[in-house]
Amino acid sequence: MTSPRKSPVWHPFTQHALHSEMTRIVRGEGAYLYTADDRRIIDAIASWWVVTHGHCHPHIVRAIQEQAEQLNQIIFAGHTHDPAEQVAAQLLKLAPRGLDYVFFSDSGSTSVEVALKMALGYWHNIGVPRTQIIVMEHSYHGDTVGTMSVGARGVFNKAYEPLLFDVASIPFPAAGREQATLDALEAACKNETAAAFIVEPLILGAGGMLMYPPSVLKEMKRICEASGVLFIADEVMTGWGRTGTLFACEQADVSPDIACYSKGLTGGSLPLAVTLCRAEIYDAHYSNDRSRTFFHSSSYTANPVACAAARANLELWQHGASDRVASVAAMQERLIAPFRADPRFENVRRTGTVTAVDLKASDAGYLAGIGPKLQAFFQRRDLLLRPLGNTIYVMPPYCATEADLEEIYAAIGDAADELA
Ligand SMILES: *Cc1c(COP(=O)(O)O)cnc(C)c1O
């Protein structure tokens, strides 16, 4: 098909033949986005899960402005700067204990690529032939070739399948079937080539906001530890208060060997990511032999302006952000509760500040016809919601008010009336 569109811009995860008009946003403030024709849209998904304290938070904006006038880019090989040093030091104070080093990159996907390379580099450098990655069914870790390899296979990556590497996969720990997951992990870890297990702690995001309890996370870590398999926590989405605690691993008292943080790292203001690791992994690369160097970089590694935004974000976490998380989680629980008895919905769930419901529909799955219809319905109500197929989830910035959330849930109920 040829396109009648005027714009040359190709948008992400967008079928332009079915969705020709992009909503033009000119301004963001707190939980709201404003269109060119001055409509006010409530951002109910934190602009793809990144905006934690609200759009254009003044403390972060000021930090960006000040840093941009001082030093806005510097090669990070052989050089360093205060924003990066301070962010790294502060992160190690806040992250689960046992993590000792911080590697910067630019996106969630690259932080996961770095994690996989750290894991394989570790085994390679200590001379142990372990190369297999263990993954969980329905996982999402990014859209680069390496992260697609460790994520769920399906319509998203069918065309690229010949490029993807083999992994061992364990089932999602659905309620009542947790033991099958643990048994599968135990079996996979027994394979002598098992190198690392990568998992999204407590919530599988893009896979459909699937939730499982801290007790399972704790058990999975114990199993990996017993076989020496590295445990990689992909907290790109679950970090920064989303699950109710700063990081999801805290709730299971789990110290991962490697952890990935991005999305809310700058409060959702600029792209930045980090991969944290234990000293053993760094030490396996620390050598007089240059061939053991960790060979990874990107042009903008630890960009000073992005690091200054992250530093400002970390300051906000020392000044009341946790209280706002608790308050949003409580409001979310109050508003989602009535849906548990509503026959139009199933699998009504909440972890921390994230809620999700599955609208009963004849077709489920990401490509379900109901998805775009729901999205269009919410758009007409001036709400930014982006259902995953028939799964409607709410993941607001922490500055959202009770009135904002009430408006969102009222629309979800109305959508079910109109579309189910
Ligand atoms: C969003 C996401 C990623 C990828 O992050 P990008 O910044 O979009 O590359 C990786 N892992 C998880 C769990 C995510 O939710």
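It should be emphasised that the depicted structure is a prediction, and the values quoted were computed from it without experimental measurement. Both ligands and their constituent atoms are indexed starting at 1 by order of listing.
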**Q.** Residue and atom name of the nearest protein heavy atom (relative to atom 12 (C) of ligand 1), distance in Å to one decimal
**A.** D234 OD2, 3.4 Å

Q) In terms of the angle between their ring planes, are W48 and F13 parallel, tilted or perpendicular, with boundaries placed at 30° and 60°? A) perpendicular

Q: Kindly assign one of parallel, tilted or perpendicular to the pair H296 and F294, based on the angle between their ring planes and the thresholds 30° and 60°.
A: parallel

(Q) Heavy-atom contact check, 4.0 Å cutoff: does W49 meet ligand 1? (A) yes

Q | S107 neighbourhood, listing ligand 1 atoms whose heavy-atom distance to it stays under 4.0 Å | A | 7 (O), 9 (O)

Q | For atom 8 (O) of ligand 1, the protein heavy atom that lies nearest, with its residue and separation | A | S109 OG, 4.5 Å

Q: Between E200 and ligand 1, find which residue part has any heavy-atom pair under 4.0 Å and reply side chain, backbone, both or neither.
A: side chain

Q | Sub-4.0 Å atoms of ligand 1 with respect to non-hydrogen atoms of K263 | A | 1 (C), 2 (C), 3 (C), 14 (C), 15 (O)

Q: State if E235 counts as touching ligand 1 under the rule of any non-hydrogen atom under 4.0 Å.
A: no

Q: Give a yes or no on whether the backbone of S299 and the side-chain of T301 come within a donor-acceptor separation of less than 3.5 Å.
A: no

Q | Shortest non-hydrogen contact from L270 toward I64 | A | CD1-CD1, 3.9 Å

Q. What residue and atom, counting heavy atoms only, is the protein's closest point to atom 7 (O) of ligand 1, and at what distance?
A. G108 N, 2.8 Å

Q) If you look only at pairs with a residue in residues 211-222, which of them pass as a salt bridge (charged side-chain N to carboxylate O under 4.0 Å, His left out), with sequence neighbours excluded? A) E219-R222, K221-E225

Q: Could you grab the distance from atom CG of L265 to atom CH2 of W240, nearest 0.5 Å is fine?
A: 5.5 Å

Q) Between T275 and S111, is there a donor-acceptor pair closer than 3.5 Å when you use the side chain of the first and the backbone of the second? A) yes

Q. Looking at M237, which atoms of ligand 1 are within less than 4.0 Å of one of its heavy atoms?
A. 15 (O)

Q | Sub-3.5 Å N/O-N/O distance, V112 and ligand 1 | A | no

Q: For the pair D404 (side chain) and T401 (backbone), establish whether a donor and an acceptor sit closer than 3.5 Å, ignoring hydrogens and angles.
A: yes

Q.
Under 4.0 Å from a heavy atom of H141: which atoms of ligand 1 are those, numbered in the order shown and with their elements?
A. 10 (C), 11 (N)

